[in-house]
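Scope of the values below: all heavy atoms of this structure, side chains included, with no hydrogens, waters or symmetry mates.
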Amino acid sequence: MDVKEIQNLSEYVYEICEINNGKRCNGATHNEVLLFRGQADTKYELIPYLGRGRRFSCDISIFNEERNLIEMAKYKMPDIFRNDLLPLELLALLQHHGIPTRLLDITENALVALYFACNSKFESDGEVIVFKDNELDVTNYPIVNAIADSYRFARGTVCTLDLFYGDAINQPYFVEQKQTHEICHETKEQGGQWVAECCEKIFFVYAPIRTLRQQVQRGRYILFPNKIEPYGNGGKKAFTTVIDPIPKNHECIARRFHIPASLKKQILIDLKAFGISEEILFCDSTDMVCKGILNTITGYLKGKPI
């Protein structure tokens, strides 16, 4: 994977435009769209918070931790984390409020991604990862909500794909496609194989825009299923207790840009001229807006507005 080191904002904009001009668009089956993630440290993996720090069996599985977090949030704040939300909607709302989920934040706005690559860890190089997705895949298919609902289908620390499929197709979000699936997959084992095939691709997903922050940041997500491995001696497969990161040389990644640590603060200053700043991106947070006012005023008083 070719990695480009960026020296200033104008070079970054030029490179993004070049990638955008080279998108594959045939108007019928494939129209590529660019999606972006900014990371403040190049050492960070592409993995959601819920899956970090897990490579082996652990005392509490991802399914159990996810269950504890979600059910406690619903118990303490039932008016916000409502039972009538679709699983993906619920995860997006939890993510917005800081609860670890199996979602990884990405954005449709290249400048927003650059901001997040530069706004912290000033001693480390940052990076922007550019993904390509098919713009025609705009529907959140039932399998997406089933993956978002994984913890409900696990038996302890185990979630075999055949049982996962059998549980998932009986959920309300599968009603429209249930008959089709029952025709195509006569057994749960066949359904489990279909789940495994679905999980071979990256799930770029939408969630309803319910907050001003989501709208301003042009937020999207990558949804991560648990890692799939053989289970038992009968040829079955199961979701394991870990989530694998997306390799940074994955075929869905069009380009990676490195931002030297020494340039981060200057790029943040330049981004502010284009309306990309903390008080804009977090405009629904009174604390963030006030912090932006303080930084601006004290910066001017010191002769160095930021």
Side-chain angles (χ1 to χ4, degrees), residues 33 35 48-51 62-108 133-155 159 161 163-182 184-185 188 191-192 194-226 228 239 243 284:
V33 60
L35 300 168
Y49 194 93
L50 187 69
I62 280 180
F63 299 120
N64 288 337
E65 181 175 353
E66 195 173 29
R67 178 180 289 107
N68 291 343
L69 290 168
I70 292 174
E71 295 302 332
M72 185 58 71
K74 290 164 69 174
Y75 167 72
K76 286 185 173 290
M77 291 168 285
D79 292 339
I80 297 175
F81 305 112
R82 304 191 315 272
N83 284 322
D84 62 341
L85 293 173
L86 286 170
L88 187 59
E89 293 180 78
L90 178 60
L91 289 195
L93 194 58
L94 289 161
Q95 181 91 345
H96 173 76
H97 289 286
I99 298 291
T101 73
R102 58 180 63 245
L103 296 176
L104 185 70
D105 292 294
I106 55 176
T107 175
E108 298 172 350
D133 184 35
N134 184 3
E135 193 174 26
L136 299 181
D137 285 338
V138 296
T139 304
N140 285 334
Y141 297 106
I143 184 61
V144 170
N145 276 300
I147 296 298
D149 218 11
S150 291
Y151 80 94
R152 297 185 60 236
F153 308 139
R155 273 70 169 175
C159 190
L161 299 192
L163 294 179
F164 175 93
Y165 174 80
D167 289 338
I169 62 168
N170 288 311
Q171 301 306 310
Y173 45 79
F174 250 103
V175 168
E176 280 187 27
Q177 296 188 15
K178 182 177 180 181
Q179 185 175 10
T180 301
H181 278 277
E182 288 175 338
C184 295
H185 310 122
K188 289 183 180 179
W194 172 77
V195 172
E197 292 169 0
C198 289
C199 291
E200 291 175 358
K201 63 171 287 185
I202 304 296
F203 291 111
F204 295 100
V205 297
Y206 290 87
I209 297 175
R210 298 185 179 277
T211 67
L212 184 58
R213 187 187 307 181
Q214 272 182 304
Q215 186 172 8
V216 171
Q217 293 184 8
R218 303 293 295 167
R220 292 275 299 277
Y221 306 96
I222 298 176
L223 174 68
F224 285 71
N226 285 47
I228 296 173
F239 287 120
I243 289 175
D284 57 351

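The two residues A154 and F63 have their closest heavy-atom pair at CB-CG, 3.6 Å. Nearest heavy atoms, D105 versus Q95: OD2-NE2, 2.9 Å.
For the pair R152/D167, no side-chain contact is recorded, criterion being any heavy-atom separation below 4.5 Å from C-beta on. Looking at V33 and D133, their side chains come closer than 4.5 Å, going by heavy atoms from C-beta outward. Side-chain contact between L161 and F239: present, with at least one pair of heavy atoms (C-beta onward) separated by less than 4.5 Å. Side-chain contact check for L69 versus L94: every heavy-atom pair is 4.5 Å or farther apart. Between I222 and L35, the closest side-chain pair of non-hydrogen atoms is not below 4.5 Å. Two residues are said to be in side-chain contact when any heavy atoms from C-beta on lie closer than 4.5 Å; P48 and Y221 fail this criterion.
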Cut-off 3.5 Å, no hydrogens considered: what does the side-chain donor-acceptor table look like for residues 81-88, sequence neighbours left out?
from: R82; atom 1: NE; to: D84; atom 2: OD1; distance (Å): 2.8
from: N83; atom 1: OD1; to: K74; atom 2: NZ; distance (Å): 3.1

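Counted within 6.0 Å of CZ on R218, heavy atoms from surrounding residues, nucleotides or ligands total 12 or fewer; the atom is thus considered open.
In this structure, CE on M72 lies 10.5 Å from CE on M77, to the nearest 0.5 angstrom. Atom CD1 in I243 sits 7.0 Å away from atom CD in E66 (nearest 0.5 Å). For the atom pair CD (Q171) and CG (D149), the distance works out to 6.0 Å, reported to the nearest 0.5 Å. To the nearest 0.5 Å, the span separating NZ on K201 from CD1 on I143 amounts to 11.0 Å. Residue L103 holds its CG atom at 15.0 Å from OH of Y49, rounded to the nearest 0.5 Å. I228 CD1 to E197 CD: the interatomic distance, rounded to the nearest 0.5 Å, is 10.0 Å.
In terms of the ring pair (Phe, Tyr, Trp, His ring centres under 6.0 Å) criterion, residue partners of F153 (sequence neighbours excluded) are, by chain and number, F164.
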| CA sep, side-chain torsions, deciding dist, call: V144, Y173, side chain to side chain contact (heavy atoms under 4.5 Å, CB included) | CA-CA 10 Å; V144 170; Y173 45 79; over 6 Å; no
| query | Taking it one step at a time, do C199 and V195 satisfy side chain to side chain contact (heavy atoms under 4.5 Å, CB included)? | reply | CA-CA 6 Å; C199 291; V195 172; 4.3 Å; yes
| task | Start with the C-alpha gap between L91 and I70, add the side-chain angles, then the distance that decides, and say whether side chain to side chain contact (heavy atoms under 4.5 Å, CB included) holds. | result | CA-CA 8 Å; L91 289 195; I70 292 174; 3.9 Å; yes
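Counting only distance, with no hydrogens or angles, the side chain of R102 and the backbone of F224 share a donor-acceptor pair below 3.5 Å.
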